[in-house]
Structures are given as structure tokens and as C-alpha cells.
Amino acid sequence: MVSMNKPEILIIDDDEFVAESVSAILHELGFNNIFFNSAERGIAYFIAEKSPIIFLDINLPKTNGINVLKEIKSIN
């Protein structure tokens with residue numbers, strides 16, 4: 001059962017197996033979550049939703065997690 005009191009978690013990981021596994025575990029723990037396999041799509045979602053918690057892969061195509069984190073921090 002997903003709780004409405006827990007914040008949504010945004011997962012950004014290009015490895016779909018890892019992202020789906022983390023998503024399933026978080027869902028079992030009662031967290032709403034969504035995952036994207038690209039930094040661009042994850043950042044676009046963050047801009048629209050301002051998800052307070054992000055699970056972020058360090059190695060992403062075209063960029064890395066540190067650069068994505070810097071961009072997210074500059075947005076909010």
C-alpha cells in the first residue's frame with residue numbers, strides 16, 4: 001500500500017533492471033516513485049514536479065550524475 005504522506009522518489013538510471021528493482025523495493029516500502037532512463041527526461045520531470053528525493057546513477061549516457069546533480073540543485 002502506497003502512503004500519501006511519503007514523498008515521491010525520482011529515480012534516474014540508464015540501467016532499466018536497476019531502476020525497476022529500486023522502484024519495486026521502494027513501492028514495497030510504501031513510496032510513490034517514478035523512473036527515467038535518461039538524464040534529460042528525469043530533469044524535465046524534476047522541473048515539472050520538484051521531487052524532493054532523487055536516486056541518481058553516477059554513470060549516465062551523455063553526462064554523469066554529478067553534472068545532473070549540479071543542474072538539479074541550480075533549479076531548486
Side-chain angles (χ1 to χ4, degrees):
M1 172 179 256
V2 176
S3 170
M4 298 306 290
N5 295 331
K6 293 184 179 181
E8 179 180 62
I9 298 174
L10 170 60
I11 303 164
I12 303 173
D13 195 318
D14 62 316
D15 185 327
E16 200 164 319
F17 177 77
V18 170
E20 287 178 352
S21 298
V22 171
S23 177
I25 292 167
L26 291 171
H27 182 76
E28 287 294 318
L29 293 172
F31 288 94
N32 291 316
N33 65 82
I34 187 166
F35 72 86
F36 294 98
N37 63 359
S38 76
E40 296 84 9
R41 292 180 63 214
I43 291 169
Y45 184 84
F46 178 82
I47 290 169
E49 300 296 327
K50 299 288 193 274
S51 298
I53 299 173
I54 301 171
F55 283 29
L56 181 59
D57 187 6
I58 292 295
N59 299 310
L60 294 164
K62 301 181 188 174
T63 189
N64 65 56
I66 301 301
N67 290 336
V68 174
L69 179 61
K70 288 176 185 176
E71 186 169 349
I72 287 171
K73 287 179 77 172
S74 74
I75 295 165
N76 185 9

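Fair warning: this is a prediction, and the values are worked out from it, not measured in the lab.
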Quiz item: Can you hop from I11 to L29 via hydrophobic side chains spaced under 4.5 Å?
Solution: yes
Self-check item: Separation of I75 CD1 from I47 CD1 (nearest 0.5 Å)
Solution: 4.0 Å
Self-check item: A39 versus V68, closest heavy-atom pair with distance
Solution: CB-CG2, 3.6 Å
Quiz item: Side chains of F36 and L10: closer than 4.5 Å at any heavy-atom pair?
Solution: yes
Exercise. Quick one: closest heavy-atom pair of D13 and A19, and the distance?
Key: CB-CB, 4.1 Å
Practice problem: Report the distance from atom CZ of F55 to atom CG of L26, rounding to the nearest 0.5 Å. | Solution: 5.0 Å
Quiz item: Is I34 reachable from I54 through a run of hydrophobic residues whose side-chain heavy atoms are each under 4.5 Å from the next?
Solution: yes
Quiz item: With a 4.5 Å heavy-atom cut-off, do L56 and L69 have their side chains touching?
Solution: yes
Practice problem: Please round to the nearest 0.5 Å and tell me the distance separating atom CG of L60 and atom CD1 of I58. | Solution: 8.0 Å
Exercise. Kindly give the heavy-atom pair with the smallest separation between H27 and N33, and that separation in Å.
Key: N-ND2, 3.6 Å
Quiz item: Where do I12 and G42 come nearest, in terms of heavy atoms and distance?
Solution: CD1-CA, 3.8 Å
Self-check item: Spacing of T63 atom OG1 and K70 atom NZ [to the nearest 0.5 Å]
Solution: 9.5 Å
Quiz item: How long is the gap from CG on N64 to CG on N59, to the nearest 0.5 Å?
Solution: 7.5 Å
Quiz prompt | Check: F35 and V22 side chains under 4.5 Å, non-hydrogen atoms | solution = no
